[in-house]
K.L.:
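Structure provided below as structure tokens; questions to follow.
If you're wondering where the values come from, they're calculated on a predicted model, not measured in any experiment. Reminder, nothing fancy here: chain letters follow the sequence lines and each chain counts from 1.
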There are 2 protein chains.
Amino acid sequence: MKKKAKINDTPVCQVRMQAISDTMSILSGKWKFHILGTLIEGSKLGFMDLMREIDGIGSKMLSKELQDLEMNHLVSRTVLDTKPITVEYAITEYGATLAPLINELAKWGIQYRQSVHG
Amino acid sequence: MKKKAKINDTPVCQVRMQAISDTMSILSGKWKFHILGTLIEGSKLGFMDLMREIDGIGSKMLSKELQDLEMNHLVSRTVLDTKPITVEYAITEYGATLAPLINELAKWGIQYRQSVHG
DNA sequence: CTAGGTAGTTTCCTACAGGAAAATACTTCC
DNA sequence: GGAAGTATTTTCCTGTAGGAAACTACCTAG
């Protein structure tokens, strides 16, 4: 009676598990959701704007996380030819598809607080 | 003209950001979603069952992650008085409220693969 | 009495995440 | 000429997440 019986061994489960890993990998780290959330709220923000909006983040992390997000086409980076050079960060159309997911996260978190508190 | 102008300084944003941090904190780590997903699929699994289902996890991590999830009332742990002692892990009613969130994660990840692949 | 199954805990190690602070480079205001 | 603003990069350091492997402990079937 050898046990192998894998619930997760069905193709559909494998695909879902992989998809969840992909998503979490893309959105990994302490700051990605903050950055994305901020850019969804106020489209078109400069680097220093983001520093001011996102409480506690350092320039190194912001820079790195923005690069990650840009690589995954969730955020766009546009260098403007202004007097002092300015960079404009914005959510892409594709990045905006994360809104329902972010809403679910927020919804669950809020409900969690209520269930703990009340 | 000092810039402070915080988009994120509204109470509603603060609450949402905090809620997202809470959620991500509770579901942090490499394995939580795998464990939760597995327990949602096949309710009532033993420790060794979970080891077999979750490819690559070690006993230390499984044990620790299950403790975390139990502490947050997402998973229940029941010791059964069987011949060789057996422990039964299951999703709680509360843990099941994560299903929509997990679905969003999977949905987005699947869509991501498609958009990358073409 | 030994092999194998149950459910973990403990120890040791490494790699990476992330923070603080300084450096870079260029421009404009006064 | 110096302060202040733009946008990073670089360096150095620390804590923790997580993996491998061994160990505990108890039970049962052969």
Side-chain angles (χ1 to χ4, degrees), chain A residues 1-6 17 20-21 24-36 38-39 42 44-72 75-90, chain B residues 1-6 17 20-21 24-36 38-39 42 44-72 75-90:
Chain A
M1 211 201 267
K2 290 167 190 173
K3 285 188 188 176
K4 282 181 188 178
K6 287 211 153 213
M17 290 294 187
I20 291 169
S21 292
M24 293 313 295
S25 159
I26 291 165
L27 302 176
S28 66
K30 193 176 172 182
W31 300 107
K32 298 245 168 59
F33 283 113
H34 287 262
I35 295 171
L36 289 168
T38 304
L39 286 173
K44 312 254 181 206
L45 292 172
F47 189 85
M48 294 310 279
D49 293 330
L50 285 166
M51 288 282 283
R52 282 180 219 103
E53 293 293 340
I54 300 164
D55 194 44
I57 198 169
S59 52
K60 191 190 78 171
M61 287 311 294
L62 180 55
S63 173
K64 192 211 125 208
E65 299 291 64
L66 283 169
Q67 279 171 29
D68 285 358
L69 294 171
E70 198 194 346
M71 252 187 288
N72 287 313
V75 159
S76 67
R77 181 180 184 274
T78 315
V79 179
L80 300 180
D81 196 9
T82 46
K83 320 89 187 255
I85 199 166
T86 312
V87 179
E88 204 174 73
Y89 290 97
Chain B
M1 210 200 269
K2 289 167 190 170
K3 285 188 188 176
K4 284 180 186 175
K6 288 212 151 212
M17 291 295 188
I20 292 170
S21 292
M24 294 313 295
S25 159
I26 290 165
L27 302 176
S28 67
K30 194 175 171 182
W31 299 107
K32 298 243 168 60
F33 283 113
H34 287 262
I35 296 171
L36 289 168
T38 304
L39 286 174
K44 311 252 181 207
L45 293 170
F47 189 85
M48 295 311 278
D49 293 329
L50 284 166
M51 288 282 284
R52 283 180 217 104
E53 294 292 341
I54 300 165
D55 195 44
I57 199 170
S59 54
K60 190 191 77 170
M61 287 310 295
L62 180 53
S63 174
K64 192 211 127 208
E65 298 292 65
L66 283 170
Q67 279 172 27
D68 285 358
L69 293 170
E70 198 195 345
M71 251 186 289
N72 286 313
V75 159
S76 66
R77 181 180 183 276
T78 316
V79 179
L80 300 180
D81 197 9
T82 46
K83 322 87 188 257
I85 200 167
T86 311
V87 178
E88 205 173 73
Y89 289 97

K.L.:
State, to 0.1 Å, how close A:R77 and A:V87 come at their nearest heavy-atom pair, and which atoms those are.
P.N.:
CG-CG1, 3.6 Å
K.L.:
From C-beta outward on B:T86, which listed nucleotide comes closest to its side chain: C:dA7, C:dC12, C:dG18?
P.N.:
C:dA7
K.L.:
Describe, as an angle rounded to 10 degrees, how the axis at the first end of the helix from C:dC1-D:dG30 to C:dC30-D:dG1 is tilted relative to the axis at the last end, five pairs per end.
P.N.:
10°
K.L.:
Given atom CD of A:E88 and atom P of D:dT8, what is their separation to the nearest angstrom?
P.N.:
12 Å
K.L.:
Only counting residues at least two apart or in another chain, list the ones meeting side-chain contact (heavy atoms from CB on, under 4.5 Å) with A:M17.
P.N.:
A:N8, B:H34, B:T38
K.L.:
What is the distance, to the nearest angstrom, from the NZ atom on B:K30 to the C1' atom on C:dA17?
P.N.:
15 Å
K.L.:
In whole angstroms, how far is the P atom of C:dG18 from the CE atom of B:M24?
P.N.:
11 Å
K.L.:
Quick one, which residues of residues 61-69 of chain A touch DNA chain C with a heavy atom under 4.0 Å?
P.N.:
A:M61
K.L.:
Measure the shortest side-chain to side-chain distance between B:L39 and B:I35 over non-hydrogen atoms and say whether it is less than 4.5 angstrom.
P.N.:
yes
K.L.:
Got a donor-acceptor contact below 3.5 angstrom from the A:D68 side chain to the A:E65 backbone?
P.N.:
no
K.L.:
Using only side-chain N and O atoms of A:R52, determine if any of them is under 4.0 Å from OP1 or OP2 of D:dA7.
P.N.:
no
K.L.:
Supply the atom-to-atom distance B:K30 NZ to B:I54 CD1, rounded to the nearest 0.5 angstrom.
P.N.:
12.5 Å
K.L.:
Classify the nucleic acid contact of A:K60 as base, sugar-phosphate or nothing, counting any heavy atom under 4.0 Å across all strands shown.
P.N.:
base
K.L.:
A:L62 versus A:F47: any side-chain heavy-atom pair under 4.5 Å?
P.N.:
yes
K.L.:
With sequence neighbours excluded, what pairs up with A:E70 under the side chain to side chain donor-acceptor pair (under 3.5 Å) test?
P.N.:
none
K.L.:
Can you see which heavy atom on B:Y89 is nearest to which on B:L66, and at what distance?
P.N.:
CZ-CD1, 3.6 Å
K.L.:
Quick check: does any side chain N or O of A:T86 sit under 3.5 Å from a backbone N or O of A:P84, one acting as donor and the other as acceptor?
P.N.:
yes
K.L.:
To the nearest angstrom, how far is A:W31 atom CH2 from C:dG18 atom C1'?
P.N.:
9 Å
K.L.:
Describe the nucleic acid contact of B:G56 in one word from base, sugar-phosphate, nothing, applying a heavy-atom distance below 4.0 Å.
P.N.:
nothing
K.L.:
Between A:L50 (CG) and D:dA7 (C1'), how many Å, whole number?
P.N.:
12 Å
K.L.:
Any side-chain heavy-atom pair from B:L80 and B:T78 closer than 4.5 angstrom?
P.N.:
yes
K.L.:
Would you check if B:I20 and A:F33 make a side-chain contact, meaning some heavy-atom pair closer than 4.5 Å?
P.N.:
yes
K.L.:
Taking side-chain contact (heavy atoms from CB on, under 4.5 Å) as the definition, give me every residue that meets it alongside B:S28, ordered by chain and number, with sequence neighbours left out.
P.N.:
B:K32
K.L.:
Respond yes when some side-chain nitrogen or oxygen of B:Y89 is under 4.0 Å from OP1 or OP2 of C:dT6, and no when none is.
P.N.:
no
K.L.:
Quickly work out the B:M48 CE to C:dG8 P distance and round it to whole Å.
P.N.:
10 Å
K.L.:
A:F47 CZ to C:dT27 C1': how many Å, rounded?
P.N.:
18 Å
K.L.:
Does the protein touch nucleotides 22-30 of chain D at the base, only the backbone, or not at all? Give it as B, S and - per nucleotide, heavy atoms under 4.0 Å.
P.N.:
-----SS--
K.L.:
Rounded to whole angstroms, how far apart are CG on A:L80 and P on C:dT27?
P.N.:
16 Å
